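We're numbering straight along the sequence, starting at 1. Note that the structure is predicted; figures quoted are calculated from it, not measured.
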Amino acid sequence: MPLKLGAYTACLHDRTLEEALDLLAANGLTSVEVNTGGFIPAPHCPVDLLLSSERARRDYLETFASRGMELTGLNCNGNPLNPLPGVGPKHADDLRRTIRLAGLLGIGNVVTMSGTPGSDPGAKYPSWVVNPWDGVYLDVLDYQWGVAVEFWKEIDALARANDVRVAVEMHPHNLVFSPVTLKKLVELTGATNVGAEMDPSHLMWQGMDVAACIRYLGPLVFHAAAKDAMICPGVDVRGVLDSSFERVPADAPGKVPTGIGFWCNSWPENPAWKFVAVGVGHDTAYWAEFLNALAEVDPDMAVNIEHEDAAYSRTEGLALAAKNLLAAAAER
């Protein structure tokens, strides 16, 4: 069967679900992923209502089916291991509720992140270790993996009980940010229902070969995002691990939350890299190879556009990404 091409509706949170679905359909897409908690609100998925009402679940799924669309994933990206009491426990609870809802809806995949604990039992904030050449950082990682394994064994068991797979986005600032760390999580937990959400953009700017990453993980790739990235001239003096971000004021309109009381910072004017619409950072041939590698794992896999290109409006960026993704699919 052909890959299912669609979009994650987070970029359309200013529209109703029905309006968002009609826009996706108008761009030739048939697969849909909606948010259910974590970092951002869930206007396209009334989680509490759907957990409590079988009729509401039937009506909700009919909203997609009546438009020729398929709900292929629930997205609950967050940091469930964050030691901040107002963040970690909420994100973890959102993930558990999302898994139960996915089981009730018959949705096979839940997308999330591994999370990042603090550096030690008394830490207040999460701590991402990038390069543990100093022995103390291996001590930090030993502690963090211990926390993660305990949590993810529980999540794997919950997913298995609900006949759901949890696809972990390999995202920097998380303990799992690469194919190697994804495999480590699966091996340490003995997980059967935890694998990868293949978002290529985060692997691109880290310098990885995305098709090689897909083939390295093989059947551990459950679900995919279509999101592009490009290296910019600023990399010459910044490198890809640049920290030259600036604070966004608390009263700024449209700020993006990352937890209770926290939100995204602003990028430097001359960044080392940035997210771009599908096809802007890499050409159609590249994306055709990406789709071919995914199809080797699962020819029926869902591949959902995630639009985060600030150079385009939400609708323009989504339309451009859809056009280029569909062209890549035709070129395969």
Side-chain angles (χ1 to χ4, degrees), residues 1-78 93-112 159 162-167 169 197 199 222-227 257 278 298 300-308 313-323 325-326 329:
M1 296 182 68
L3 295 168
K4 300 172 181 177
L5 305 182
Y8 173 37
T9 65
C11 66
L12 302 174
H13 275 187
D14 59 333
R15 291 165 169 77
T16 66
L17 174 61
E18 291 79 3
E19 291 169 340
L21 295 180
D22 289 342
L23 182 60
L24 266 56
N27 282 288
L29 303 173
T30 58
S31 170
V32 188
E33 184 177 326
V34 298
N35 198 71
T36 54
F39 287 136
I40 59 177
H44 294 160
C45 187
V47 176
D48 290 334
L49 173 63
L50 295 176
L51 282 171
S52 64
S53 169
E54 182 178 356
R55 179 175 178 178
R57 293 193 292 272
R58 287 198 306 268
D59 292 345
Y60 184 68
L61 291 174
E62 178 58 25
T63 303
F64 296 85
S66 65
R67 291 168 169 79
M69 311 293 285
E70 180 182 357
L71 180 59
T72 56
L74 303 182
N75 190 304
C76 192
N77 276 335
D93 186 57
D94 285 350
L95 177 56
R96 294 183 186 100
R97 294 167 72 245
T98 298
I99 290 170
R100 288 193 287 269
L101 177 57
L104 291 170
L105 288 171
I107 307 303
N109 292 312
V110 166
V111 178
T112 191
N162 286 274
D163 195 23
V164 170
R165 302 188 304 179
V166 180
E169 180 177 349
E197 190 244 13
D199 181 334
F222 294 166
H223 194 77
K227 185 176 160 196
V278 172
D298 177 4
D300 197 35
M301 189 178 298
V303 185
N304 294 325
I305 294 165
E306 184 176 3
H307 170 56
E308 292 186 6
S313 72
R314 297 175 183 184
T315 55
E316 291 172 335
L318 183 62
L320 178 61
K323 175 184 175 182
L325 185 64
L326 291 167

[atom1] of [X] to [atom2] of [Y]: how many Å apart, nearest 0.5 Å?
X: Leu318; Y: Leu29; atom1: CG; atom2: CG; value: 6.5 Å
X: Leu24; Y: Phe64; atom1: CG; atom2: CZ; value: 10.0 Å
X: Thr16; Y: Glu19; atom1: OG1; atom2: CD; value: 3.5 Å
X: Asn27; Y: Leu325; atom1: CG; atom2: CG; value: 11.0 Å
X: Glu308; Y: Cys11; atom1: CD; atom2: SG; value: 9.0 Å
X: Leu21; Y: Leu12; atom1: CG; atom2: CG; value: 9.5 Å

What are the two closest non-hydrogen atoms of [X] and [Y], and how far apart are they?
X: Leu101; Y: Cys45; answer: CD2-SG, 3.9 Å
X: Glu197; Y: Ala224; answer: OE2-C, 4.2 Å
X: Cys76; Y: Thr112; answer: O-OG1, 2.9 Å
X: Val303; Y: Ala226; answer: CG1-CB, 4.0 Å
X: His223; Y: Gly73; answer: CE1-CA, 4.2 Å
X: Leu50; Y: Ala56; answer: CD2-O, 3.5 Å

Can Arg165 and Asn109 be counted as having a side-chain donor-acceptor contact under 3.5 angstrom?
-> yes

Residues in side chain to side chain contact (heavy atoms under 4.5 Å, CB included) contact with Ala321, at least two apart in sequence or another chain | Val278, Ile305

All side chain to side chain donor-acceptor pair (under 3.5 Å) counterparts of Arg96, not counting sequence neighbours = Glu154

For Asn77, enumerate each residue passing the side chain to side chain donor-acceptor pair (under 3.5 Å) test, keeping only those at least two apart in sequence or located in another chain.
-> Asn75, Glu169

Tell me whether [X] contacts the main-chain N or O of [Y] through its side chain, where contact means a donor paired with an acceptor under 3.5 Å.
X: Ser31; Y: Thr72; result: no
X: Asn162; Y: Val164; result: no
X: Asp163; Y: Ala159; result: no

State, yes or no, whether a side-chain contact exists between [X] and [Y] at a heavy-atom distance under 4.5 Å.
X: Asp14; Y: Arg314; result: yes
X: Leu3; Y: Asp300; result: no
X: Val32; Y: Val34; result: yes
X: His13; Y: Ile40; result: yes
X: Phe222; Y: Val166; result: no
X: Lys4; Y: Met301; result: no

Can you tell me which residue pairs pass the side-chain hydrogen bond (donor to acceptor under 3.5 Å, both in side chains) test with a partner in residues 34-58, sequence neighbours excluded?
-> Tyr8-Asn35, Thr9-His44, Thr36-Thr98, Asp48-Arg97

Sequence neighbours excluded, every pair satisfying side-chain hydrogen bond (donor to acceptor under 3.5 Å, both in side chains) that has a member inside residues 60-69 | Asp22-Arg67

With Ile107, which of Val110, Leu105, Leu104 fulfils side-chain contact (heavy atoms from CB on, under 4.5 Å)?
-> Leu105

How would you list, by chain and number, every residue that makes a ring pair (Phe, Tyr, Trp, His ring centres under 6.0 Å) with His307, sequence neighbours excluded?
-> none

